[in-house]
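As the structure is a prediction and not an experimental result, all values here were calculated from the model. Proteins come first, then strands; the chains are lettered A, B, ... in the order of their sequence lines, and each starts at number 1.
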2 protein chains.
Amino acid sequence: MKGHTQRGQCAKRMSILDAAADVFCRQGFAGASIDEIAAVACVSRQTIYNHYREKETLFVAVVEDVMNRANAMLFSVLSSFPDSADSLEDGLTAFAVRLNKNCICNHDGKFLRKLVQTEGERYPHLFEGWRQQGPGKLTTALSALLARLAHKGALVIDDFDVAARQFVALANADLQMMTLFGGTPTDEELEKAARNAVRTFLKAYGRPVMEKDERQPQLAAIAG
Amino acid sequence: MKGHTQRGQCAKRMSILDAAADVFCRQGFAGASIDEIAAVACVSRQTIYNHYREKETLFVAVVEDVMNRANAMLFSVLSSFPDSADSLEDGLTAFAVRLNKNCICNHDGKFLRKLVQTEGERYPHLFEGWRQQGPGKLTTALSALLARLAHKGALVIDDFDVAARQFVALANADLQMMTLFGGTPTDEELEKAARNAVRTFLKAYGRPVMEKDERQPQLAAIAG
DNA sequence: GACGTTTTAGACAATGGCGCCTAGTTTACA
DNA sequence: TGTAAACTAGGCGCCATTGTCTAAAACGTC
């Protein structure tokens, strides 16, 4: 009848989804109670059962909703990857900041990582999609983007997949512990973490340039 | 009376702790039932209440027990860090393998990371100790060990803390997704991941050596 | 073999959550 | 304004779980 099991619908649905995400994330599936979700959503308990047959149905809907948002955000962030060799360090740093801020350290990212750990064994198929569309897509897409930069001569990479995983790992190196313990990094911390990561990444994979003021010494020598 | 709230005690206690760790890890605190723990431990439910006043007491004891084991293991692995500049790549790779295998990808490591995410907000003081003795101690100790290597001239590092965090991050780069989804890496995967990590780490922080077959060209030139 | 301790099995009340139902109210739309 | 849908409040049965209690059995030690 109503169709659109996906989008908007009335405001109640979104309110329920948001509240359920909040409570499920804090209490886990078993620890979350429908009554608490209803209270947080400012909605009667019956209304929840009116939209979702049972607790598990609601849980699946919540996870899928968050996954959709996270996937869209990841796509958006990936499309902002720098494709020019000019000011590569700044471009990669800005990308790393966006990646951390909008995909990994944000609300949805923490939700998914937390839930996939607690309920992953119970709902393997549910999170399998995120594994492929989320972290999996991130590394494969990033691998291709790095390959493009390497092809332009801006990077020297032997294994693009490994480099992609290492870029993500380095970008999170300074924030991992904070996010593990529930904290949220400030903008300054995000910036500093990204800069540390990109500097090390470029030391390992950057084109070997001796000094900043004399770029591409080989080409300069050949030209001269 | 019995003293020793820590160690051995009768075999029942250990059996209960192991079973409780297993069930708490799979089901979370709220989802775990005393009956299931008793069944896994092959022990009567009353025996559990005989040793631990209530469910929460048992949970705290389990977490402390795992934390103690993990801390001891971390200390052991840290003491195997290479202190010689000879065959540094092999030494660091072996260290990275041990770090992943015995501290991060192992049973206790996954248990603590999982539980600190699900119950960390509910028991902040409980996991605060692990935060300092576990990941915190790892990075500070590793920072000092890297500083020692840099002082010997084997590494060129400007910020030891950042380098330590990046070493850990790189060591986990290839295994992060697998461990996140509950998998356990094989020995070959551990070896390959460590080798990838150390190669990148040394490209970024290793002493700038031109070719593998001519080591320490400066010293050779001086000697010659 | 006797005695104290520990463990076991099962019953027990109390609690709380799930899912359903109903009656009454609000909202949306024609 | 009238009708149908959605929503609210509350009660209800059912079930799982917690924590206690008791009597019987196993254990270990002298």
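Side-chain contact between Leu142(B) and Phe81(B): present, with at least one pair of heavy atoms (C-beta onward) separated by less than 4.5 Å.
For dT7(C), the OP1/OP2 oxygens have no side-chain nitrogen or oxygen of Ser44(B) closer than 4.0 Å. The phosphate of dT26(C) (OP1 or OP2) has no side-chain N or O of Lys12(A) nearer than 4.0 angstrom.
Within 4.0 Å (heavy atoms only), Ala32(A) reaches sugar-phosphate atoms of the nucleic acid but no base atom.
Residue Gln27(A) contributes atom CD, which lies 11 Å from atom P of dC18(C) at whole-angstrom precision. In this structure, Ile16(B) atom CD1 and dT7(C) atom P are separated by 7 Å, rounded to whole Å. When the P atom of dG16(C) is taken as reference, atom NZ of Lys55(B) falls 14 Å away, rounded to whole Å. Phe29(B) has its CZ atom 9 Å from the P atom of dT18(D), to the nearest Å. Separating the CD1 atom of Ile48(A) from the C1' atom of dA6(D) is a distance of 15 Å, rounded to the nearest angstrom. Straight-line distance from the CD1 atom of Ile37(A) to the P atom of dT8(D): 15 Å, rounded to whole Å. Atom CD of Glu56(A) and atom C1' of dC18(C) are 13 Å apart (whole Å). Atom OH in Tyr52(A) sits about 18 Å away from atom C1' in dC18(C), given to the nearest Å.
Comparing dG11(D), dT22(D), dC21(C) against the side chain of Gln46(B) picks out dT22(D) as the nearest. Comparing dC18(C), dT7(C), dT8(C) by their nearest atom to the side chain of Asn50(B) picks out dT7(C). The side chain of Tyr49(B) sits closest to dT20(D) out of dT20(D), dT7(C), dG19(C). Here the side chain of His51(B) is nearest to one of dT7(C), dA6(D), dC18(C), namely dT7(C). Distances from the side chain of Ile34(B) to the nucleotides dT18(D), dT7(C), dT8(D) place dT18(D) closest. Listed nucleotides: dT17(D), dG19(D), dA9(C). Nearest to the side chain of Glu54(B): dG19(D).
The aromatic rings of Phe95(B) and Phe167(B) are tilted relative to each other, their planes meeting at an angle between 30° and 60°.
Position along DNA chain C of the nearest nucleotide to Cys42(B) versus Arg45(B) favours Cys42(B) as the more 5'-ward residue.
In this structure, Arg148(A) fails the cation-pi test against Phe160(A), since its NZ or CZ atom is not both closer than 6.0 Å to the six-membered ring centre and inside 45 degrees of the ring normal. For the pair Arg122(B) and Phe127(B), the NZ or CZ position fails the cation-pi test of under 6.0 Å to the six-membered ring centre and within 45 degrees of the ring normal.
Checked against a 6.0 Å centroid threshold, the rings of Phe59(A) and Tyr123(A) count as neighbours.
A salt bridge between Asp161(B) and Arg165(B) is absent, with no side-chain N of the basic residue lying under 4.0 Å from a carboxylate O of the acidic one. A salt bridge is absent between Lys192(A) and Glu188(A); no separation between the charged side-chain nitrogens and carboxylate oxygens falls under 4.0 Å.
In the helix from dG1(C)-dC30(D) to dA30(C)-dT1(D), the rotation axis of the first five pairs and that of the last five pairs differ in direction by 30°, rounded to 10 degrees.
Enclosure of atom NZ in Lys203(A) by more than 12 non-hydrogen atoms of other residues, nucleotides or ligands within 6.0 angstrom is indicated.
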